[in-house]
Amino acid sequence: MGGFIEKTGFPLAAKIDFAEVIDVRSPSEFEADHISGAINLPVLNNFERAEIGTIYKQISTFEARKYGAAMVSRNIAFHIENYFIGKDKEYRPLIYCWRGGHRSESMAMVLSGIGWHVYLLEGGYRTYRQCVNREIEARVAQLNFVVINGLTGSGKTLVLRELKRLGEQTLDLEGIARHKGSVFGGDPQNPQTTQKRFESLLYDELTTLDPSRPVYIEAESAKIGKLNLPNSLWQKMRGAFVVELFSPLECRADYLINDYKEWLCDLERVDRSIDRLKGFHSDKRLSDWKDMAGQRHWKALATSLLVEHYDRRYRPETGKGHFQAPFRKFEIVPLDDSSLKGCAKAIKELPLN
């Protein structure tokens, strides 16, 4: 019995048992964003896609289709010989491209001709993106957030982790964004994703959360590194319950030195980050901070940055967040495992009604 093609929408029906989801767009499109869990088997690579686009614009649609068909056919043959050859008769993939057009249909026709039951995502990646945008807003509206606020270095991220360890629902925006939310917060070894990929990962997390239980989330600006929070989420955070943490300056400086310890062996990186504060501080102050770094006076540098920059610009009561007044305040002294666990347990036991 031959295979056939069946179209489906997104969100994907739970009752459909896909063997896997295949994105046939180019590698650059896939890297920018994709359905989480999908694999990339491109029918046009980055160079081929650009070449076909040029032919389409400069010569004609007909010529572009001829050359494109040749390229797509070669690539599909390669995937059959190198990927699909070991699949059994019960194999059922879902295939998608940019908008459910020629690329995914070409792959689907060949695979169904072999004898497999193939699903096509109707509307392709565009349908998925529309769903992500729509569902983020809808799910955020259903959730009850508790914002963990406090001065920089007061242990907000650590308390959030402890709450998760205690079985509470958390939404780690900095983890999803791959950024700690400050000029020193990026990771060159694990750079931030695109805005679309960030939103897809956020969508994935939101779909796992139970609206009947609170969701703990760290106070953030509307932007984490280069990535923007969806406005619906940002506005919901601004109106949420707030728990504020406090820890003395010396404890916070020690915590930051440990949290950013990977920076301490890369003075050029530290200097570049300090340069990003130009416009907020005088050249003299920036020069002093660089001197502290050059002499490895990390405690002095961390303390000065907290006092002169972060505590002035990001105080919980006056900072960019504009969050609600705290429902409760907790002091964490010292910033050690015992204190953090105790704080998380106390927050978990708060009456939120």
Q. Does Phe198 reach the side chain of Thr194, with side-chain heavy atoms less than 4.5 Å apart?
A. no
Q. Are Asp259 and Arg252 ion-paired here, with the side-chain N under 4.0 Å from a carboxylate O?
A. no
Q.
Are more than 12 heavy atoms, taken from residues, nucleotides or ligands other than Arg197, located less than 6.0 Å from that residue's CZ atom?
A. yes
Q. Can you check whether Leu249 reaches Leu306 side chain to side chain, under 4.5 Å on heavy atoms?
A. yes
Q. Counting heavy atoms not belonging to Lys164, are there more than 12 under 6.0 Å from its NZ?
A. no
Q. Can you check whether Ala69's main-chain N or O pairs, donor with acceptor, with Ser73's side chain at less than 3.5 Å?
A. yes
Q: Among Arg99, Lys196, Arg103, find the one that has a salt bridge (charged side-chain N to carboxylate O under 4.0 Å, His left out) with Glu29.
A: Arg103
Q) Would you say the side chain of Trp116 lies within less than 4.5 Å of the side chain of Phe84, judging by non-hydrogen atoms? A) yes
Q) Do Ile59 and Ile52 belong to the same hydrophobic cluster, where Ile, Leu, Val, Met, Phe, Trp and Tyr are linked whenever their side-chain heavy atoms lie under 4.5 Å apart, directly or via other members? A) yes
(Q) Would a single hydrophobic cluster contain both Val21 and Trp98, if residues Ile, Leu, Val, Met, Phe, Trp and Tyr are joined by side-chain heavy-atom contacts under 4.5 Å? (A) yes
Q.
Does atom CD (Glu63) have a neighbourhood of more than 12 heavy atoms from anything else shown, all under 6.0 Å?
A. yes
Q: Check whether any side-chain heavy atom of Arg49 lies under 4.5 Å from a side-chain heavy atom of Met71, and answer yes or no.
A: no
Q. Would you say the ring centroid of Tyr119 lies under 6.0 angstrom from that of Phe18?
A. yes
Q: Decide ring pair (Phe, Tyr, Trp, His ring centres under 6.0 Å) for Phe145 and Trp234; before the verdict, give the C-alpha distance in whole Å, the side-chain angles of both, and the deciding distance to 0.1 Å.
A: CA-CA 11 Å; Phe145 291 106; Trp234 172 233; over 10 Å; no
Q | Carboxylate-amine/guanidinium proximity below 4.0 Å for Arg285 and Glu308 | A | yes
Q | Closest non-hydrogen atom pair, Gly294 against Leu267 | A | CA-CD1, 4.2 Å
Q | Residues, nucleotides or ligands: over 12 heavy atoms within 6.0 Å of His79 NE2 | A | yes
Q. Within a strict 4.5 Å, meaning less than it, do heavy atoms of the Leu209 and Leu143 side chains meet?
A. yes
Q | hydrophobic_cluster_shared for Leu151 and Ile332, side chain cutoff 4.5 Å | A | no
Q | Presence of salt bridge, Lys299 and Asp254, under 4.0 angstrom | A | yes
Q: Flag yes if Phe62 and Tyr67 sit in one hydrophobic cluster, no otherwise; membership is Ile, Leu, Val, Met, Phe, Trp, Tyr, and two members link when side-chain heavy atoms are under 4.5 Å apart.
A: no
Q) Any side-chain heavy-atom pair from Thr170 and Val215 closer than 4.5 angstrom? A) no
Q | Asp33 and Tyr125: CA distance, side-chain angles, deciding distance, side chain to side chain donor-acceptor pair (under 3.5 Å) verdict | A | CA-CA 9 Å; Asp33 187 35; Tyr125 171 79; 2.6 Å; yes
Q.
I'd like to know whether Tyr96 forms a side chain to side chain donor-acceptor pair (under 3.5 Å) with Thr127, so could you lay out the CA-CA distance, the side-chain angles of the two residues, the decisive distance to 0.1 Å, and finally the verdict.
A. CA-CA 10 Å; Tyr96 73 93; Thr127 293; over 6 Å; no
(Q) Side chains of Asn75 and Asn45, heavy atoms from C-beta outward: is any pair under 4.5 Å? (A) no
Q. Counting only heavy atoms not in Lys7, do more than 12 sit closer than 6.0 Å to its NZ atom?
A. no
Q: Return yes when atom OH of Tyr56 has more than 12 non-hydrogen atoms of other residues, nucleotides or ligands closer than 6.0 Å, and no otherwise.
A: no
Q. Side chains of Leu233 and Ile136: closer than 4.5 Å at any heavy-atom pair?
A. no
Q: Examine Leu160 and Leu166 and state if one hydrophobic cluster contains both, with Ile, Leu, Val, Met, Phe, Trp and Tyr joined whenever side-chain heavy atoms are less than 4.5 Å apart.
A: no
Q: Give a yes or no on whether a salt bridge exists between Asp275 and Lys290, defined as a side-chain N under 4.0 angstrom from a carboxylate O.
A: yes
Q.
Testing the basics here: between Val118 and Ala108, what is the closest heavy-atom pair and its distance to 0.1 Å?
A. CG1-CB, 3.8 Å
Q: Evaluate side chain to side chain donor-acceptor pair (under 3.5 Å) for His179 paired with Glu174, printing each intermediate quantity in order.
A: CA-CA 5 Å; His179 200 282; Glu174 291 184 0; over 6 Å; no
Q.
What verdict does the side chain to side chain contact (heavy atoms under 4.5 Å, CB included) test give for Ser247 and Tyr255, after you've listed the backbone C-alpha separation in whole Å, the side-chain angles of each residue and the deciding distance to 0.1 Å?
A. CA-CA 10 Å; Ser247 190; Tyr255 165 69; over 6 Å; no
Q: In sequence, state the C-alpha distance, the side-chain angles, and the governing distance for Asp210 and Ser212, and then conclude on side chain to side chain donor-acceptor pair (under 3.5 Å).
A: CA-CA 5 Å; Asp210 180 356; Ser212 68; 2.8 Å; yes
Q: May I ask you to decide whether Glu20 forms a salt bridge with Lys87, counting only side-chain N to carboxylate O separations under 4.0 Å?
A: yes
(Q) Looking at Tyr83, I'd like to know if its OH atom is crowded, meaning that more than 12 non-hydrogen atoms belonging to other residues, nucleotides or ligands lie closer than 6.0 Å. (A) yes
Q) Taking NZ, NE, NH1 and NH2 as the nitrogens, is one of them in Asp337 or Lys341 under 4.0 Å from a carboxylate oxygen of the other? A) no
